[in-house]
Amino acid sequence: MGEIAYWLPLVWAALIGIAIVMYVLLDGFDLGIGMLFLSGTSEEERDHMMNAIAPYWDGNETWLVLGGAGLLVAFPLAYGTILPALYIPIFVMLLALVFRGVAFEFRFVSKPHHHWWDRAFALGSTVATFAQGVVLGGFMQGINIQNREFAGSTFDWLTPFSLLCGVGLMAGYILLGSAWVMMKTDGDLARRAQRHAEWALYATLFFVAAVSLWTPLMSDHIAERWFRGEHIVWLWPVPFLTAVTALVTYRGARKGSGLQTFLGGMTLFLLCFLGLGISVFPYLVFPSITLWEAAAVPESQIFSLIGALLFLPLVLGYTAFVYWTFRGKVTEGEGYH
Amino acid sequence: MDLGLDATLLARIQFAFTVTFHIIFPAFTIGLASYIATLEGIWYFRGDDRYHRLARFWTKIFAVSFAMGVVSGLPMSYQFGTNWSRFSVTTGNVIGPLLGYEVMTAFFLEATFLGIMLFGWNRVPRGLHFFSSCMVAFGTLLSAFWILSANSWMQYPTGHEVRDGIMVPVDWIAVIFNPTFPHRFAHMVTAAYITTAIVVLSVGARYWLANRYADESRVMVRMALAMILVLAPLQAFIGDQHGLKTAQYQPAKLAAMEAHWDGTKPAALVLFALPNAKTESNDYEIAIPNLGSFIITHDWNGLFPGLKQFKPADRPPLYMPFFGFRLMVAIGIWFIVLACIGGFLWWRGRLFQNRTYMRAAKYSWPLGFVAVVAGWFTTEVGRQPWIATGLVRTSEGVSPVASGAVGTSLILFFFVYLIVFSAGIVYINRLIHKGPVLQAPEGLDEGTPARPISAATETGRGRG
């Protein structure tokens, strides 16, 4: 049992990590398109942008539900401490997602009076992304825990660092979103997306660098991990690969290859996420509750793991099938209304 | 006033508000997904185009409703943590996996195949589209399965043990199939099907009264009426069985539902009363002697516990279970009456000549939703003061967050949901008003991937 109690939380941390990465990658590009939405100059362009993501957004957002539920499944203590600590940004994110989600349907039903839903879609996407970044920042800067409970106050999360993370994530999602538009559309829209991708890449790299420098200054644990620990030889390929990926993404954006830009942007996100994991490990509620302390009992983790191993491959399979069904460029009049 | 109590009350109001708003959409989409799959199946196997038009029509309404269900459901999965963190920590080992299975087996299935259901009309073969609609319908049912299992466990927990104040599962079958679950699940799914059938009946009647879409109107009225004829009486039976389980496992809730104070005497069936906690009796009572005992114990002189047998601290609030239950039952009886009259007229061949009946059907559309919400208020308020009966009190489950944060978020939820809900109602009504027309020009067949640009631009996203 001791062995299992050691490995199970690691497996679950990996699974939740996959869910969050899936969410960030999939919903990231559709939130990015939402932020760029008002840059579409005509109704047709905006229709195009929305149709490029409409078949997927619901499935994409389900990964966010899995992230939340997964945390409750495997690490109830983390769920019960992180969420109260980040109450306001999480709440703001949820409300913003409400507006954005219904805008997909309401916009088409309310035509020709859909301008408010255009704005709701853009604003909802922007606010949701910013709030997600703040949640990330609030998590990384540490949560005040006493007696296995959140012991801080309502606005602990509100710091320059968390706001910086909020803006940084906006840049990152815009990078993914514009790369998706480059892949899925033609003409003016695609050309403009190319310019957006380029400046979003610069901004993303700036914020990645800023966060990477700020966190070791803020936390001894993180500084120790990256600069003084015994394993640093194994860790430094991560920033090196990040630099290489940035270059590849830059080339993709310059030559107008949507696929290269998109894959590059996704790899950037993966590497940042890996860096984040390395920084905070073994803590799940940084810097006081470890994976093992937060873990659900093995009975629960095993039961859910069976379900995850059975169903997640199936989920990935039919998700891939839907993406394959709607492959290629968006054509005029795609849709159902 | 104690601030902790304030936060508890605000968190409860917030949960009640958001979950009430949310349940309206699943109550509709569970039934509607199955209805659309049925319509599509008939079209697929019989090729009757009326069913195709109807499937397309209801799919549009489904899309709007489903989107509202999704976005109002998302906050629920986070609210357990933001507002009810102590509950999450103490019961997470048991509740967590049930919600996890809901996401893994149901949410992904419905959300992903929804993409094909809405946008795949021209991308995939008919059979595959039909399959996708079936998967969406199956997903909604699976989702109901897991969430009702979790809810029923909170109503009457089994299959767990308590270790250091934390609930630990010892028998998953006992956790999932806890004693109040099977009836609650049957009751809710039937309620969802009836709610949808009433809406379909009402829309059919609306077209018939306005002399529009005569063909589609007949199909809808007949299908819905047949459904209600079977399900409304069945629901009365299921509800009765569910009530017997409540008597067995949650006697305090049942006593509150029946406003039954003295368990040493046979119970009357209280038709109306204002239960009074101070005098421990009913004011303004109108009651039929012994009928309550007969309904609950199936014996005219049977005894079941009254509220006085529970300490005041262990009693649920009195009004909501009592009135909520009566409202739900009254609506259920109305549906049985509506079904029987409709069935009789149909049998006599006069169904489509009777304007009064059609008008009654037309205006009945909100009643299914009202009954579902009333039923949930009955069962959830009736569970109080426990969040997990006998294990965790509601006041022990709340998060250590400032009441200001809970109050502010509640107010914002209220306004956002008000806007979204009002807009949703307006848009659904607009879709119904427009009716089951396929706006693609004649001769433009399904399964043709590329269509003229004109067909699309005139309607925005285009029609297939």
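These numbers come from a predicted model, not from an experiment. A, B, ... follow the sequence lines: proteins, then strands. Residue 1 opens every chain.
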(message) Counting only heavy atoms not in A:Arg148 (residues, nucleotides, ligands), do more than 12 fall under 6.0 Å from its CZ?
(response) no
(request) Using the side chain to side chain contact (heavy atoms under 4.5 Å, CB included) rule, take A:Ile306 and B:Trp172 through it: C-alpha gap first, then chi angles, then the decisive distance, then the call. (result) CA-CA 13 Å; A:Ile306 294 168; B:Trp172 279 109; over 6 Å; no
(message) Please classify the contact between A:Leu64 and chain B as side chain, backbone, both or neither, with a heavy-atom cut-off of under 4.5 Å.
(response) both
(request) Check each atom of A:Thr325 against the heavy atoms of chain B and say whether the ones under 4.5 Å are side chain, backbone, both or neither. (result) both
(message) Less than 4.5 Å to any heavy atom of chain A: does that hold for the side chain of B:Tyr101, its backbone, both, or neither?
(response) side chain
(message) Heavy-atom cut-off 4.5 Å, strictly under: side chain, backbone, both or neither for B:Phe87 against chain A?
(response) neither
(request) Please determine, among B:Ile419, B:Val170, B:Ile95, B:Val406, the option with the most heavy-atom pairs under 4.5 Å with chain A. (result) B:Val406
(request) With the side chain counted from C-beta on, respond yes when A:Phe303 and B:Ile176 share a heavy-atom pair under 4.5 Å apart, and no when they do not. (result) yes
(message) What part of B:Ser399 gets within 4.5 angstrom of chain A, counting heavy atoms only: side chain, backbone, both, or neither?
(response) side chain
(request) Can you measure from CZ (B:Arg123) to CH2 (A:Trp324) and round to the nearest 0.5 angstrom? (result) 10.5 Å
(message) On a heavy-atom basis, which atom in B:Phe66 and which in A:Asp58 lie closest, and how many Å separate them?
(response) CE2-OD2, 3.2 Å
(message) Taking side chain as everything from C-beta outward and backbone as N, CA, C, O, which of these in A:Phe75 sits under 4.5 Å from a heavy atom of chain B? Side chain, backbone, both or neither.
(response) neither
(message) Heavy-atom cut-off 4.5 Å, strictly under: side chain, backbone, both or neither for A:Ala308 against chain B?
(response) both
(request) Could you have a look at A:Ser304, A:Ser300, A:Gly59 and say which one has the most heavy-atom pairs with chain B under 4.5 angstrom? (result) A:Ser300
(message) Measuring from atom OH of A:Tyr79 to atom CH2 of B:Trp84, what distance do you get when rounded to the nearest 0.5 angstrom?
(response) 13.0 Å
(request) Answer with side chain, backbone, both or neither: which region of B:Val401 has an atom nearer than 4.5 Å to a non-hydrogen atom of chain A? (result) side chain
(message) Does anything in residues 404-426 of chain B form a side-chain hydrogen bond (donor to acceptor under 3.5 Å, both in side chains)? List the pairs, not counting sequence neighbours.
(response) A:Tyr87-B:Ser409, B:Gln14-B:Ser409
(message) Let's go through A:Val73 and B:Leu99 carefully: what are the C-alpha distance in whole Å and the side-chain angles of both, what is the deciding distance for side chain to side chain contact (heavy atoms under 4.5 Å, CB included) to 0.1 Å, and is it a yes or a no?
(response) CA-CA 8 Å; A:Val73 166; B:Leu99 300 182; 5.8 Å; no
(message) Only pairs of heavy atoms separated by less than 4.5 Å count here; which of A:Thr154, A:Leu95, A:Ile88, A:Leu77 has the most with chain B?
(response) A:Leu95
(message) Could you report the tightest heavy-atom contact between A:Thr319 and B:Thr112, atom names first, then the distance?
(response) CA-CG2, 3.8 Å
(message) Under a 4.5 Å cutoff for heavy-atom pairs, which residue among B:Met135, B:Glu110, B:Glu102, B:Arg163 has the most contacts with chain A?
(response) B:Arg163
(message) Rounded at 0.5 Å granularity, tell me how far OG1 in A:Thr62 sits from CG in B:Leu114.
(response) 9.5 Å
(message) Treating B:Asn93 as the side-chain partner and A:Val297 as the backbone partner, does any N or O pair qualify as donor plus acceptor under 3.5 Å?
(response) yes
(request) Go through B:Ala67, B:Gly92, B:Gly115, B:Ala111 and name the one with the most non-hydrogen pairs under 4.5 angstrom from chain A. (result) B:Ala111
(message) Rounded to the nearest 0.5 Å, what separates atom CD in A:Glu105 from atom CZ in B:Phe62?
(response) 10.5 Å
(request) Give, for atom CG of A:Leu72 and atom CG of B:Leu98, the distance between the pair rounded to the nearest 0.5 Å. (result) 9.5 Å
(request) Apply ring-ring contact (aromatic ring centres under 6.0 Å, His included) to A:Phe91 and B:Phe413, showing your working. (result) CA-CA 9 Å; A:Phe91 162 76; B:Phe413 263 122; 5.1 Å; yes
(request) Test B:Met104 against A:Val315 for side chain to side chain contact (heavy atoms under 4.5 Å, CB included), laying out the working first. (result) CA-CA 8 Å; B:Met104 292 187 293; A:Val315 168; 5.6 Å; no
(request) Could you tell me whether the side chain of A:Tyr318 and the main chain of B:Leu109 form a donor-acceptor pair under 3.5 Å? (result) yes
(request) Check the surroundings of atom CZ in B:Phe131: do more than 12 heavy atoms from other residues, nucleotides or ligands lie under 6.0 Å from it? (result) no
(message) Under 4.5 Å from any heavy atom of chain A, what part of B:Val175 do you find: side chain, backbone, both or neither?
(response) neither
(message) Is B:Leu74 in contact with chain A via its backbone, its side chain, both, or neither, using a 4.5 Å heavy-atom distance?
(response) both
(request) Heavy-atom distances under 4.5 Å only: say whether A:Trp117 touches chain B with side chain, backbone, both or neither. (result) side chain
(request) For chain A, find which of B:Pro97, B:Gly73, B:Ser88 contributes the most heavy-atom pairs closer than 4.5 angstrom. (result) B:Pro97
(request) Apply the test side chain to side chain contact (heavy atoms under 4.5 Å, CB included) to residues B:Met68 and A:Phe106: give CA-CA distance (whole Å), side-chain angles for both, the deciding distance (0.1 Å), then the verdict. (result) CA-CA 10 Å; B:Met68 288 198 279; A:Phe106 286 5; 3.8 Å; yes
(request) Name the member of A:Trp63, A:Phe150, A:Trp57 that forms the most heavy-atom pairs with chain B at distances under 4.5 Å. (result) A:Trp63
(message) Which heavy atom of B:Ser85 sits nearest to which heavy atom of A:Gly80, and what is that distance?
(response) CB-O, 3.0 Å
(message) Between B:Leu412 and chain A, with a heavy-atom cut-off of 4.5 Å, which part of the residue counts as in contact: side chain, backbone, both or neither?
(response) both
(request) Rounded to the nearest 0.5 Å, what's the gap from CZ on B:Phe108 to CG on A:Leu66? Could you check? (result) 5.0 Å
(message) Please find the pair of heavy atoms, one from A:Glu299 and one from B:Val168, that lie closest to each other, and give the distance.
(response) OE2-CG1, 3.8 Å
(request) Locate the shortest heavy-atom distance separating A:Gly101 from B:Val71; write the atom from each residue and the value. (result) CA-CG1, 3.7 Å
